[in-house]
Number of protein chains: 2
Amino acid sequence: MVEATRSGNGSARPTLEQVAAAAGVSRGTVSRVVNGSPQVSEAARASVLEAVQQLGYVPNRAARSLATRRADSVAFVVSEPESRVFTEPFFGSLLRGVSKELSASGLQLVLVMAWTAREHAQVEQYVRNGHVDGAVLVSVHGDDPLPWRLMENGTPVVMSGRPQLSHPSLPYVDSDNVEGARAATAHLYERGRRRIAAITGPQDMSVGVDRLAGYRKALRGRRGVPRDLCAFGDFSQESGERAMRQLLERDPELDAVFAASDMMAVGALRALRAAGRRVPDDVAIIGFDDSETARHTDPPLTSVRQPTELMGREMTRMLLTLIEGGSTTSEPVILPNELVLRGSV
Amino acid sequence: MVEATRSGNGSARPTLEQVAAAAGVSRGTVSRVVNGSPQVSEAARASVLEAVQQLGYVPNRAARSLATRRADSVAFVVSEPESRVFTEPFFGSLLRGVSKELSASGLQLVLVMAWTAREHAQVEQYVRNGHVDGAVLVSVHGDDPLPWRLMENGTPVVMSGRPQLSHPSLPYVDSDNVEGARAATAHLYERGRRRIAAITGPQDMSVGVDRLAGYRKALRGRRGVPRDLCAFGDFSQESGERAMRQLLERDPELDAVFAASDMMAVGALRALRAAGRRVPDDVAIIGFDDSETARHTDPPLTSVRQPTELMGREMTRMLLTLIEGGSTTSEPVILPNELVLRGSV
DNA sequence: CCTACTCGTGAGAGCGCTCCCGGGCTAGTT
DNA sequence: AACTAGCCCGGGAGCGCTCTCACGAGTAGG
């Protein structure tokens, strides 16, 4: 009796068998109805549906998984050694996209986070062991073999961002970093700026490379415009500040800066203020990521916004297609960015 | 043959049965070893362990769940109608704490997000249907019946933050908002400030109420100090700016502000600058949350930091205890905050 | 009118695990 | 020596579902 209380849970969940009994059909038929098979008469379907409704039947996930050998869930893997993962709205937004797209198809979203090397190995174990049908990988490092290991294993995987060592046909979704950077730089040019500097990200990451390429592309062919006025940062504020100081030293006359991340732009703002430059009067500046911070700087930062939620949705769609098709390779999807205009230009 | 290729997946995962065969024992014994039962001889244990190692055996989650009638997973439910959920580091940090604590006990973390009312209902369905053993609820609104509905259903639930309509024994973890606000205000006083204003949060949320209470508590009994110099905001930057303007109007002589959120503090900074006040020379200011933004304002913002990751861990620990004990009620846990000193004081 | 299908349905056989019962063995007790 | 008490261990039953196969009834074709 104590046990009965213990298990609590009000009414025990009805099983297929009970629904079948109530509807006056067999288990098989109920299963067919529940799974939307066309092979069932209207009469049977109706009475099953009624019984389902009445008993409040919900399929038991575990039993289904066991029988189908599918997990009916996908992993969202964050393999970030740094701790600041979620301070960036990027992840949250991506997650939201994934969540929305996934809930439509009834799959579970299992969140897996790994910081230490040991956890990293566990993640691989976990995914390889078929606990999930596929995985969305975010913030994977360049030399991380995880995606390929999983692909070899036959597990569908989709990454966010183009991997550096582009393995042929490794499925990924990315925003058009080249075009975003190009548009930002072009915007500065169109506003009449002529000495446009760049603070770029690390060149061992595709975002870093692409955003620099976009900057160069925008300035290519323009006469009398320096286009190698760039300093390198690591996306952090400090590095942006340092880079800005270097740039001011190299060219005190510069009148605009394209920063490959908002954080670096914030650092640049500080350096500019310290150097007595007014923004945007003396120097215009554009960042990248459209982070929360961009809205609160002084002046507010014009920035390139990535369609993060959409990226999440696309990744999920791609993953579901892979899972369904039993494949592990796919053409990448590149989504357009958007320039958000604020006071810094 | 095509099928064989399709299913891919390299080597099929070994089952208990196969491990048993390899180890020369029965299924039961392998199960006992895997689950750490003491009722097994050293010899048997050793040979099972060896077989497990060799075959790379990992228990099938679905089968286990089916047999034990447990889900071996908990849900992290974000029921936030707003879209800015993850722009605040709070959630990410909480999530990390939950993830860390959970991975130690081998449970899955299922992320469930709900924005629309319909999704809200689905979440309830989902959790009630026993897909998870328990749930961590964050950012629940005051009038949201979700936690109680789940509790009635017998599902263990832990909330973040003290609920307003404090249902007796609804389990929650919170930081000590009263004490955090008190310490911040007291700090301002100790630094010699005497006209300390407050920008408080909405009074229909416990955080809003508590932080105001802390402010009042710090000033109680101090002679010649105004302690009702407060304006209300809604935690947003705009509301902070507005509140600050009101306060300056009411008392142009004020020399310090305690803001109940960093965002409001940022707004206040703007208003102060617009009014020609220097921070911290003329007016000192302290925020709350120690957000990413606090680090990037000018000057950097002194703020109260909540032990968010720890809160996540505590919530998880509490939840696991509830699950294990088959209970749904528990004493709340209140964790201390910390004042992070930066340039704004 | 018989054969050949098609279509809807029922039933059996698992999926891989845990739980529990009972048998065999050893050690301790009278 | 006989009996009991433990301790290990094996194996059956069953968790709730899907899937395959076979069967009966209807329909069309020869």
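Below, chain A is the first sequence line, B the second, and so on; all start at residue 1. The structure presented is a predicted model; accordingly, all values stated were derived computationally and were not measured.
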Nearest-Å distance for atom pair CZ/C1', residues B/Arg70 and C/dC17: 11 Å
Using whole Å, what does the distance between atom P of nucleotide D/dT18 and atom CD of A/Glu17 come to? 13 Å
Using the side-chain heavy atoms of A/Ala44, tell me which of these nucleotides is nearest: C/dT18, D/dG10, C/dT9. C/dT9
Please check the phosphate of D/dC7 (OP1 and OP2 only) for any side-chain N or O of B/Gln39 closer than 4.0 Å. no
Tell me whether the OP1 or OP2 atom of D/dC8 has a side-chain N or O from B/Thr29 closer than 4.0 Å. no
Using a cut-off of strictly less than 4.0 Å, decide whether A/Ser31 has a side-chain nitrogen or oxygen near OP1 or OP2 of D/dT18. yes
Modelled atom types, side-chain donor and acceptor of B/Glu331 and B/Tyr172, under 3.5 Å: no
Please give, in whole Å, the distance from D/dC21 C1' to A/Arg32 CZ? 11 Å
SB check B/Glu314 B/Arg317 (cutoff 4.0 Å): yes
Show the distances under 3.5 angstrom between N or O atoms of the protein and N or O atoms of nucleotides 14-16 of chain C.
from: C/dG16; atom 1: N2; to: B/Ala63; atom 2: O; distance (Å): 3.4

Taken to the nearest whole Å, CZ/B/Arg61 to P/D/dC17 is 20 Å
If we count only N and O atoms by modelled type, under 3.5 Å, do the side chains of B/Thr155 and B/Asn153 hold a donor and an acceptor together? yes
Check this for me, if you would: do B/Glu309 and B/Lys100 make a salt bridge, where the nitrogen-to-carboxylate-oxygen distance has to be below 4.0 angstrom? yes
Charged N to carboxylate O below 4.0 Å: is that the case for B/Glu42 and B/Arg45? yes
Is the phosphate of C/dC17 approached by B/Ser65 (side-chain N or O, under 4.0 Å from OP1 or OP2)? no
Non-hydrogen side-chain atoms of B/Thr116 and B/Glu119 separated by less than 4.5 Å: yes
